[in-house]
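Here's the structure, in structure tokens; my notes come after.
Proteins come first, then strands; the chains are lettered A, B, ... in the order of their sequence lines, and each starts at number 1.
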Amino acid sequence: MSFLGYRRPDGTVGTRNYVLVIPQGIIAKSICDWVRGTRTFISADNGGGRTANDREQVARVLIGLGKSPNVAAVIVHTASPGGGYPELRAERLADEIAASGKRVEVLDPAKDGGTYGAIARGTELAREMVYEASRLRRVEVGDEHLRVAVKCGYSDTTSGIAGNPAFGHFVDRVVAAGGTAFFGETTEVIGAEQTLARRAATPEVARSILEAVSRREALAKATGLDIRTINPTPANLDGGISSLEEKSLGAIHKAGTAPIQGVLRYAERPGGTGLYFVDCWMGSLSIFTGYAAAGANVVLFQIGGGGLSGRTLLEGLPSIVAPLLWCTANPKTHAMAGNSIDFYSGTVIQGKETPEEAGERLYRAVLDIASGTLARSETLRYAEPADLSLEEGRF
Amino acid sequence: MGVKRALIMHPDDNVATAIEEVYAGDEVEVPQTGKSPKIVKAIDTVPFGFKIALQDIPAGQVIRKYGEPIGTAGRPISRGGLVHVHNLEGTRARGDLERSGG
């Protein structure tokens, strides 16, 4: 099968065609307010006061978003509080992004007439880049160019019995076509890690999965708390999930049955195609940013809905440059937030459709959105801020 | 009272997930692959998405869903009873048990 996408110089294919302005701050935000077709993001963390590992994680996010197949051209400015660190220097970010063959320009207030001057020059550059990007046409490409990422949240038991199994067939379909899929959320693999390790492509990958889970479980135990006071979340408990193991065993269904090719860090790009496990935190303000930076060109959020009472609107989440689909198998959630839902698989619970059939239907829906149909969340200007998931503390 | 439906995810499971609101006294039908459905009489209210015990589960015994352990019974659970945090103990990442030496 195929979709209509934007071919990039490095061989990847975009489902969107943005100009990205980074890092965050008034320069980037001002340019994006002025110029349509641009993207930036707001995060509380810019790498300042962070360890080298965490700064490198921030750099991976920025470089990864720049290299995203959904980005046509990039503006990087030097006026970030973290920008003095070697990992986060604007020139370094720009060079690594430019290696993908796309146009990258650097703004430096010290040379461009101060902050106002940098905003003015950046606005002019962004207008030109957006114009140039608009001249690129979508072309029909093979579905092996899909790079999807899946997450589940607000999970209830409909997630485990219908929503995630439908996702699983969808992911299998992506991988069978030669595409790439990411899943992660290490805490929510606790209790299901042996099942995943058996699916590892190599013994090294199996070991990496088990190590990632045991690291995360040790951190959880070090709190001295019953994990159930943290995770499953109150929304999960209200939805009928009774333990972390139960949540995990339901959650891994979203990753299908394909061999796991590798374990990646947050925002790390994979070396090949197929299914990858990302060792990362589950937060929806964090994980989608990481997935987009890893190169995902569509991201999907499977929700249950136990704790979503009254939420008739589901907003954008910080996937920045990747369209985000909200999906559910919970008939109550669908009835409540139907205008925000891109895909519904409660049909599986009612016995009207098998998980396989729902997965196939989702695959077609994703190809359609990859081709340019808007995800419901894309019809809103608002998206939540990003949380870059740094782990080593601030000093 | 009426016939309600609940689903099992694996033949080894000793709990099923209600896909309708179940009330005490309801007959609950649990489809099984290649066999006639199992019928369990509910003794508790089991909300949509919550679990019902398919057999008596003594305290300490493993509770299975998806064919895998999801915890142990914190106290005896009777067939037809609601299974949730009041009677199911998670066993993973329990920092509280770690600290008390458990």
Next item on the list: Among Gly250(A), Ala162(A), Ala220(A), Pro331(A), single out the residue with the greatest number of heavy-atom pairs under 4.5 Å to chain B.
Entry: Gly250(A)
Item checked: Salt bridge present between Lys65(B) and Glu245(A) (N-O < 4.0 angstrom) -> no
Next item on the list: Please round to the nearest 0.5 Å and tell me the distance separating atom OG1 of Thr158(A) and atom CG of Leu7(B).
Entry: 11.5 Å
Notebook entry, point to check: Ignoring hydrogens and geometry, is there a side-chain-to-backbone donor-acceptor pair from Ser242(A) to Leu88(B) under 3.5 Å?
Noted result: no
Check: By side-chain contact (heavy atoms from CB on, under 4.5 Å), which residues pair with Ala6(B), not counting sequence neighbours?
Finding: Ala16(B), Val28(B), Val30(B), Ile52(B)
Checklist line | Glu68(B) side, atom CD; Ile252(A) side, atom CD1 - distance, nearest 0.5 Å | finding: 7.5 Å
Next item on the list: Of all the heavy-atom pairs spanning Tyr66(B) and Ile161(A), show the shortest one and how long it is.
Entry: OH-N, 4.3 Å
Item checked: Residue selection (most heavy-atom pairs with chain A, distance under 4.5 Å) from Ile63(B), Val83(B), Thr91(B), Leu82(B) -> Thr91(B)
Next item on the list: Answer with side chain, backbone, both or neither: which region of Lys247(A) has an atom nearer than 4.5 Å to a non-hydrogen atom of chain B?
Entry: neither
Next item on the list: Among Leu225(A), Asp226(A), Thr229(A), find the one that has a side-chain contact (heavy atoms from CB on, under 4.5 Å) with Asp96(B).
Entry: Asp226(A)
Check: Roughly how far, to the nearest 0.5 Å, is the NZ atom of Lys51(B) from the OG1 atom of Thr157(A)?
Finding: 7.0 Å
Notebook entry, point to check: Which atom pair, heavy atoms only, marks the closest approach of Leu244(A) to Ala93(B)?
Noted result: CD2-CB, 4.2 Å
Next item on the list: State whether Glu246(A) and Arg92(B) are salt-bridged, where the test is any N-O pair (Lys NZ or Arg NE/NH1/NH2 against Asp/Glu carboxylate O) under 4.0 Å.
Entry: no
Note to self: Any salt bridge linking Arg94(B) with Glu217(A)? Criterion: basic side-chain nitrogen under 4.0 Å from a carboxylate oxygen.
What the structure shows: no
Notebook entry, point to check: Got a second to check how far Ile349(A)'s CD1 is from Arg5(B)'s CZ, nearest 0.5 Å?
Noted result: 10.0 Å
Checklist line | Proximity breakdown for Pro31(B) and chain A, heavy-atom pairs closer than 4.5 Å | finding: neither
Next item on the list: Identify the two heavy atoms, one from Leu237(A) and one from Phe50(B), that lie closest to each other, and give their separation to 0.1 Å.
Entry: O-CZ, 3.8 Å
Margin query: Counting only non-hydrogen atoms closer than 4.5 Å, does Leu219(A) touch chain B with its backbone (N, CA, C, O), its side chain (CB onward), both, or neither?
Written below: neither
